[in-house]
Amino acid sequence: MAAHTDPEQHEFLMEVFSGHGNIEQYKPWRALSRDADGQLTCPPPGNNYVPECWHAGEIICQRCASAGESAQECEDRAIEARANHVAAGVAGHLTVPGASVADWLDVGQCRDCYMPAYNYRPTGSAQYALAIRNFDDQDNPKRFRFGLIGSSDVHSARAGNGYKEIHRSRNADANLSLMGPPAMINDAEPVAQSRPVSEVPAASNYFERFSSFFGAGGLVAAHSSGRDRHSIWDALNRKEVYATSGDRILLWFDLVDGELTYPMGSDVSLNKAPEFKVRAMGAFEQKPGCPSDALSALGEERLDYLCGGECYHPGDARKRIDRIEVVRITPQNSADESVDGLVQDPWRVIPCDDQGQGCELSFSDPQYPELGRDAVYYVRAIQAPSPTINGTNLRCEFDEQGQCIAVNPCSFASGVSQDEDCQAPASERAWSSPIFVDYGG
């Protein structure tokens with residue numbers, strides 16, 4: 001999910017964002033940390049997250065112990081391995097000789113996020129950006145006020161194909177997994193010593209592994225007054241926009257103050273409890289093939305080339321909205337205020353009694369006047385689970401404690417057929433743009 005921001009925020013934004021993929025969620029840990037001298041270092045595991053650099057040390061330590069070395073020697077090698085991994089950046093996996101895709105398990109991913117990004121970057125998330133301020137000017141601290149969109153395409157320029165979760169090889173950049181041998185994977189002998197950066201082959205991301213994280217593409221949704229370019233741009237500019245994971249979910253999120261209604265993207269000043277209204281409808285269930293007007297206009301051969309003969313072809317029934325999740329963020333009041341605790345996700349979860357017509361509900365925040373500080377609210381409309389390309393990413397096998405003990409990557413380079421869509425149940429969703437409520441007024 002991407003962030004839509006005003007031009008004057010761009011420079012500040014570039015100082016914060018450092019990741020790709022689903023950048024919504026903030027978690028109180030870092031993909032990398034800095035020591036007292038400002039040097040990058042590898043942090044220990046956090047709740048539901050293990051940094052890849054940390055796991056590099058674990059692999060080397062286990063090999064070292066198996067080779068009969070002392071505990072202290074193995075710990076020293078683990079520390080060295082983590083430092084080498086950090087120094088190598090996106091080629092960090094190549095500092096562990098002979099490590100296979102399976103050796104890395106599900107490290108580097110947010111384990112309790114919806115279809116997380118490959119090698120997650122928590123401080124690059126929209127939530128983190130909404131929680132921080134720049135206090136260089138104490139009288140006028142800077143703060144993000146952006147909208148949320150979910151636009152994406154693939155390297156073959158197929159944009160937003162999530163209306164049908166099929167044709168993974170066409171719609172989800174899955175063919176990138178074939179860019180593995182020989183430069184992109186680690187084919188060295190699995191020795192018990194990390195490889196320094198100077199000996200690491202030129203390489204980039206682990207294509208064979210991250211092909212399990214490609215989806216069929218998100219969509220931008222805009223509340224516009226028309227379908228012309230000006231109307232759509234106007235909706236984007238006022239941030240009355242939202243993101244979807246690919247399904248064409250309908251979503252409205254408003255703050256209601258007496259007879260006044262403020263839509264998503266609005267800035268409001270209040271000193272009383274804000275009241276909100278949410279309305280959501282699931283995407284239409286799709287019929288197979290293409291509608292007759294598409295067939296008559298383009299013909300079967302052209303449609304097969306464009307979309308594999310499977311067009312957007314809605315039926316009459318809609319998918320069910322399961323629940324509405326509300327996220328509340330209270331931006332920093334001072335430069336030294338920790339971001340931990342400022343992001344409440346979810347702050348509230350409200351079940352939907354969707355009988356095919358979507359759901360409509362209201363809620364308020366009675367704590368807001370007591371907090372006496374600015375707040376940001378946005379909602380997620382969550383559909384009932386449905387088959388989704390790469391719905392469980394690396395397809396982990398879990399033990400009784402819920403830990404991933406084996407993976408089955410959906411990679412052509414690992415022997416998965418190009419016809420395999422690697423579907424698994426996932427709850428597709430829509431994310432509203434925030435409503436920014438400033439204390440006062």
So, using ring-ring contact (aromatic ring centres under 6.0 Å, His included) as the criterion, who are the partners of Y163 when residues are at least two apart? Y312
Under a 3.5 Å threshold, yes or no: a donor from one side chain and an acceptor from the other, between E52 and H93? no
Return the orientation label for the F363 and F253 ring planes: parallel under 30°, perpendicular over 60°, tilted otherwise. parallel
Does any N or O in the side chain of K239 come within less than 3.5 Å of the main-chain N or O of P434, such that one atom is a donor and the other an acceptor? no
Close side-chain approach of E337 and T330, heavy atoms under 4.5 Å: no
Between V107 and W54, is there a side-chain heavy-atom distance shorter than 4.5 Å? no
Are any non-hydrogen side-chain atoms of E199 and P196 less than 4.5 angstrom apart? yes
Does the side chain of I382 reach to within under 4.5 Å of the side chain of V349, using non-hydrogen atoms? no
Going by ring-ring contact (aromatic ring centres under 6.0 Å, His included), name the residues that satisfy it together with F284, two or more places apart in sequence or in a different chain. none
Could you grab the distance from atom CG of N84 to atom CG of L94, nearest 0.5 Å is fine? 12.0 Å
Between R328 and Q344, is any side-chain donor less than 3.5 angstrom from a side-chain acceptor? yes
Charged N-O contact under 4.0 Å between R248 and E428: no
D345-Q127 side chain donor-acceptor pair, cut-off 3.5 Å: yes
Student check: side-chain heavy atoms of V86 and T41 closer than 4.5 Å: no
Steps toward side chain to side chain contact (heavy atoms under 4.5 Å, CB included) verdict (L394, F213): CA-CA 8 Å; L394 290 164; F213 293 84; 3.8 Å; yes
Hey, mind stepping through N161 and I166 against side chain to side chain contact (heavy atoms under 4.5 Å, CB included) and telling me if it holds? CA-CA 9 Å; N161 292 280; I166 56 175; over 6 Å; no
